[in-house]
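Notes follow once the structure below has been shown.
Since we're looking at a predicted model, the values are computed, not measured.
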Amino acid sequence: MSTIRNQVQLIGNVGQEPTLTTLESGKKVARFSLATNEYYKSEKGEKVQDTQWHTVVAWGKTAELIESYAPKGKELALSGKLKSRSYEDKDGIKRYVTEVEASEILLLGSKSNA
């Protein structure tokens, strides 16, 4: 059962151009947003779309794949885990962030999207 702890699987569209950063250590990290959509019918019978935005971080080879093949709008599937961290902003206020750390990605959609 330990393999299903803290596991996230999402299918969605890249919401912004991924940013790739190379750290001093030489390790690469990609950051991007992913939009996932859920559809349901309202009480009036109208189709409603609910979009959730997820901040995604990918490291190493996964980051390089994102940079090369996952532009804004590209549909992809990913698996990973949730990571939480905190930091102080420029005004000294402590902020908390929860991100999806992607370990695997699968490019979806037509080849014309890439």
| remark: In terms of heavy-atom contacts, A63 and K28 come closest through CB-O, 3.9 Å
| message | Between S42 (side chain only) and E46 (backbone N and O only), is there a donor and an acceptor less than 3.5 Å apart? | response | yes
| Stepwise, does the side-chain contact (heavy atoms from CB on, under 4.5 Å) test hold for L76 with V14? | CA-CA 8 Å; L76 56 86; V14 176; 3.6 Å; yes
| Sub-3.5 Å donor-acceptor pair from the side chain of E17 to the main-chain atoms of P71, do we have one? | no
| request: State plainly whether one hydrophobic cluster holds both V29 and L65, where clusters connect Ile, Leu, Val, Met, Phe, Trp and Tyr through side-chain heavy atoms under 4.5 angstrom apart. | output: no
| request: Using side-chain contact (heavy atoms from CB on, under 4.5 Å) as the criterion, point out the one residue from V57, I66, L20 that pairs with R31. | output: V57
| query | Any idea which heavy atoms bring G15 and K72 closest together, and the distance? | reply | O-CE, 3.6 Å
| task | Output yes when a side-chain donor or acceptor of T55 lies under 3.5 Å from a complementary backbone atom of F32, and no otherwise. | result | no
| N/O donor-acceptor pair under 3.5 Å between D91 side chain and I93 backbone | no
| cation_pi(K27, W59) dist<6.0 Å, angle<=45 | yes
| request: May I ask you to test the Y87-V97 pair for a side-chain heavy-atom distance under 4.5 Å? | output: yes
| query | Taking atom CH2 of W53 and atom OG of S33, what is their separation to the nearest 0.5 Å? | reply | 5.0 Å
| request: Side-chain contact test, heavy atoms from C-beta onward, threshold under 4.5 Å: evaluate it for V100 versus L78 and give yes or no. | output: yes
| query | Considering residues at least two apart in sequence or located in another chain, which fulfil the side chain to side chain donor-acceptor pair (under 3.5 Å) criterion with T51? | reply | N37, Q49
| remark: Sorted by chain and residue number, the side chain to side chain donor-acceptor pair (under 3.5 Å) partners of D50 (sequence neighbours excluded) come out as Q52
| Which distance, rounded to the nearest 0.5 Å, do you find between the CD1 of I105 and the NZ of K61? | 13.0 Å
| field | Test log, rule side chain to side chain donor-acceptor pair (under 3.5 Å), inputs T36 and H54 | value | CA-CA 8 Å; T36 57; H54 312 275; 2.9 Å; yes
| Is the shortest heavy-atom distance from the side chain of N13 to the side chain of L34 under 4.5 Å? | no
| query | CG of L82: more than 12 outside heavy atoms within 6.0 angstrom? | reply | yes
| task | Please report the closest heavy-atom contact between P18 and A70, naming both atoms and the distance. | result | CG-O, 3.2 Å
| said: Between N6 and K81 (side chain of the first, backbone of the second, donor and acceptor by atom type, cut-off under 3.5 Å), is there such a pair? | reply: no
| Geometric cation-pi criterion K74 and Y69, 6.0 Å radius, 45° cone | no
| request: Give a yes or no on whether the backbone of A58 and the side-chain of T62 come within a donor-acceptor separation of less than 3.5 Å. | output: no
| said: Would you say that Q9 contacts S79 through its side chain, given a criterion of any heavy-atom pair below 4.5 Å between the two side chains? | reply: yes
